[in-house]
**Student:** 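Just dropping this structure here.
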Amino acid sequence: MLNLSQNGCSVWVASSTEGLLTPTAVALGKFDGVHLGHQRVIQPVLQPARGEERRGNGENLPEHSPDGENSLASATEHIHSTVVTFHPHPQEFFTGQPRSLLTPLDEKVQQLRSLGVEQLVLLPFDKELSALSPEDFVEKILVQQLQCQRISVGQDFCFGKKRLGTAQDLQLLAANYDIPVTIVPLETYTNDLPIESGCVNGKPTDGRISTSLIRETLERGGIPQATLLLGRPYTLTGIVVQGQQLGRTIGFPTANLQLPKDKFVPRQGVYAVRVFTHSETANAATQRLGVMNIGNRPTVDGTNSSVEVHLLDWVGDLYGQTLTVQLVEFLRPEQKFPSLEALKTQIQLDCTVAKQVLTAEP
Ligand SMILES: Cc1cc2nc3c(=O)[nH]c(=O)nc-3n(C[C@H](O)[C@H](O)[C@H](O)COP(=O)(O)O)c2cc1C
Ligand SMILES: Nc1ncnc2c1ncn2[C@@H]1O[C@H](COP(=O)(O)OP(=O)(O)O)[C@@H](O)[C@H]1O
């Protein structure tokens with residue numbers, strides 16, 4: 001069934017292969033995090049899609065047009081820069097376990113929009129799609145449905161039944177339809193980048209930027225490193241909900257954030273952060289400095305994990321507002337303090353350190 005929405009911004013999000021904006025220039029992949037490597041894969045479908053138009057006189061057209069319709073077109077057609085991804089995440093489909101994401105759907109749409117992508121196609125990853133042969137995937141999805149004019153994938157891209165198709169296979173198959181495929185070499189981090197861990201999932205890394213490496217880095221609290229790998233700060237966005245109303249009694253009210261269910265949450269502990277409030281009246285978001293705690297609040301016998309942020313030198317009402325918190329630096333692990341007084345003294349110290357970190361930043 002067709003489900004097309006504009007998602008509050010100028011990226012079309014289609015969760016069906018019908019009703020698409022066609023023809024397309026397609027970047028294929030999972031793109032969780034939209035990190036520096038992903039951005040390199042998406043780049044080649046942006047410029048041509050913006051600058052070039054498919055011409056009706058046959059120029060730029062696939063020689064073996066699947067339906068013959070292309071060659072009949074007389075006017076020039078705009079090629080839509082499109083990211084094609086799978087939903088749910090294939091790992092979630094195969095394991096049956098929900099998977100947390102660096103960029104849940106809304107965030108992914110925002111990131112793609114900021115890169116200049118026009119359309120996001122969510123291919124429903126189900127039994128039928130996972131059983132398509134590489135040949136059928138190219139013919140049915142890319143050629144017939146998406147009317148692909150060019151494709152970009154990362155060097156390690158796999159597709160089709162049992163992930164048997166490689167990026168080179170895609171290049172060969174697409175050549176039958178005169179569709180050029182750009183294979184983007186894997187983006188690696190340089191020796192300048194202080195990545196401490198040389199392992200992802202227990203395996204040594206080859207220096208390649210990956211979603212897994214960023215997750216591991218965030219799990220360790222390596223915030224500046226994660227920022228470099230992503231090409232931007234890692235953010236948490238959520239609505240401010242009520243907590244236990246204890247914060248105000250110790251002089252540190254904290255806005256409790258309700259995050260999307262599938263958002264990947266970094267290491268528990270205290271962070272120096274920048275906070276963006278989205279006011280309904282002001283167009284631009286306001287930026288403030290803050291301290292954030294992620295954890296179970298053992299000092300007050302908290303039972304659930306919460307994400308809460310205290311804005312430095314500010315008083316006001318934030319309930320119901322949406323905040324975006326940019327992580328700048330991990331300050332310390334969460335602790336159980338013997339008293340609220342001791343917790344208060346530590347939070348005061350956290351605020352001082354956070355201010356130093358945040359004002360020292362370029
Ligand atoms: C900067 C900061 C550091 C915190 N560190 C701890 C901590 O180490 N241990 C702890 O139990 N709670 C910690 N908390 C959470 C407080 O216990 C919590 O903010 C307080 O109980 C108020 O909760 P409420 O928003 O539900 O009223 C911290 C909170 C902030 C803002
Ligand atoms: N500097 C501040 N930082 C964060 N929240 C603040 C600040 N000043 C006032 N507030 C308000 O106080 C609320 C948090 O107070 P708190 O006593 O911790 O209650 P709760 O347990 O409901 O979070 C926030 O949601 C916000 O509306």
Side-chain angles (χ1 to χ4, degrees), residues 1-7 11-35 38 41-42 45 66-67 80-112 117-148 151-154 156-174 176-177 179 181 201 210-212 215 260-264:
M1 200 187 79
L2 173 69
N3 176 8
L4 203 64
S5 71
Q6 195 139 24
N7 215 302
V11 178
W12 278 107
V13 181
S15 57
S16 159
T17 46
E18 293 165 47
L20 302 162
L21 305 174
T22 57
T24 57
V26 164
L28 270 167
K30 295 189 283 282
F31 300 120
D32 181 31
V34 197
H35 59 58
H38 296 149
V41 174
I42 292 167
V45 304
D67 47 19
H80 299 276
S81 60
T82 299
V83 163
V84 175
T85 191
F86 305 99
H87 196 77
H89 193 286
Q91 196 174 328
E92 188 169 320
F93 172 77
F94 286 120
T95 63
Q97 300 294 317
R99 183 181 161 87
S100 63
L101 300 169
L102 296 177
T103 46
L105 185 59
D106 276 0
E107 251 188 272
K108 188 183 262 182
V109 168
Q110 257 185 39
Q111 290 305 325
L112 295 178
V117 171
E118 289 172 76
Q119 175 172 233
L120 171 64
V121 177
L122 306 170
L123 293 178
F125 198 84
D126 52 18
K127 233 173 156 175
E128 204 183 324
L129 190 83
S130 63
L132 277 186
S133 67
E135 290 79 3
D136 282 349
F137 183 82
V138 171
E139 188 191 327
K140 296 195 168 127
I141 308 278
L142 296 178
V143 175
Q144 291 177 0
Q145 292 177 329
L146 286 154
Q147 293 181 36
C148 227
I151 300 170
S152 176
V153 290
D156 60 347
F157 178 72
C158 294
F159 71 111
K161 196 175 171 185
K162 296 187 181 156
R163 294 169 53 84
L164 284 174
T166 62
Q168 283 71 25
D169 295 333
L170 179 63
Q171 209 163 37
L172 288 173
L173 290 169
N176 295 329
Y177 303 90
I179 304 173
V181 176
N201 300 329
S210 67
T211 302
S212 311
R215 289 168 75 102
K261 272 200 313 288
D262 53 351
K263 176 71 180 177
F264 176 84

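Atom set for the values below is all heavy atoms of this structure, side chains included, hydrogens, waters and symmetry mates excluded. The structure displayed is predicted, hence computed values, not measured ones.
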**Student:** Counting only N and O atoms by type, is there a donor-acceptor contact under 3.5 Å from the side chain of Gln119 to the main-chain atoms of Leu21?
**Tutor:** yes
**Student:** Minimum heavy-atom separation for Gly154 to Ala167, with atom names?
**Tutor:** O-CB, 3.9 Å
**Student:** With a 4.5 Å heavy-atom cut-off, do Leu173 and Pro134 have their side chains touching?
**Tutor:** yes
**Student:** Just verifying a value: how many Å separate Gln110 CD and Leu105 CG, rounded to the nearest 0.5 Å?
**Tutor:** 11.0 Å
**Student:** Out of curiosity, Ser133 OG to Phe159 CZ, how far, rounded to the nearest 0.5 Å?
**Tutor:** 8.5 Å
**Student:** To the nearest 0.5 Å, tell me how far Phe31 CZ sits from Thr103 OG1.
**Tutor:** 11.0 Å
**Student:** Would you say that Ile179 contacts Cys148 through its side chain, given a criterion of any heavy-atom pair below 4.5 Å between the two side chains?
**Tutor:** yes
**Student:** Please report the closest heavy-atom contact between Thr22 and Gln147, naming both atoms and the distance.
**Tutor:** OG1-NE2, 3.7 Å
**Student:** Can you tell me how far NE2 of His38 sits from CG of Asp32, rounded to the nearest 0.5 angstrom?
**Tutor:** 7.5 Å
**Student:** Considering the options Leu101, Val117, Thr85, which one meets the side-chain contact (heavy atoms from CB on, under 4.5 Å) requirement together with Lys108?
**Tutor:** Thr85
**Student:** Tell me if a side-chain donor or acceptor on Ser152 pairs with a main-chain N or O of Ile42 at a distance below 3.5 Å.
**Tutor:** no
**Student:** Okay, side chain of Glu118, backbone of Ser81: is any donor-acceptor separation there less than 3.5 Å?
**Tutor:** yes
**Student:** Rounded to the nearest 0.5 Å, what separates atom OG1 in Thr166 from atom CZ in Phe157?
**Tutor:** 10.0 Å
**Student:** If you define the side chain from C-beta out and look only at heavy atoms, does anything of Tyr177 sit under 4.5 Å from Glu139?
**Tutor:** yes
**Student:** Does CZ in Arg99 sit with more than 12 non-hydrogen atoms of other residues, nucleotides or ligands closer than 6.0 Å?
**Tutor:** yes
**Student:** Give me the atom names and distance for the closest heavy-atom approach of Leu120 to Val11.
**Tutor:** N-CG1, 3.8 Å
**Student:** After noting the C-alpha distance and the side-chain angles of Lys161 and Asp136, does the key distance pass the side-chain contact (heavy atoms from CB on, under 4.5 Å) rule?
**Tutor:** CA-CA 10 Å; Lys161 196 175 171 185; Asp136 282 349; over 6 Å; no
**Student:** Check whether any side-chain heavy atom of Val143 sits under 4.5 Å from a side-chain heavy atom of Val138, and report yes or no.
**Tutor:** yes
**Student:** Determine whether a donor-acceptor pair (N or O, by modelled atom type, separation under 3.5 Å) exists between the side chain of Thr82 and the backbone of Thr24.
**Tutor:** no
**Student:** Does the side chain of Ile141 reach to within under 4.5 Å of the side chain of Leu129, using non-hydrogen atoms?
**Tutor:** yes
**Student:** Does any donor atom in the side chain of Asp262 or Ser100 lie under 3.5 Å from an acceptor atom in the other side chain?
**Tutor:** no
**Student:** Does the side chain of Asp169 come within less than 4.5 Å of Leu164's, by heavy atoms?
**Tutor:** no
**Student:** Identify which one of Val83, Leu146, Leu170, Val121 satisfies the side-chain contact (heavy atoms from CB on, under 4.5 Å) criterion when paired with Leu28.
**Tutor:** Leu170
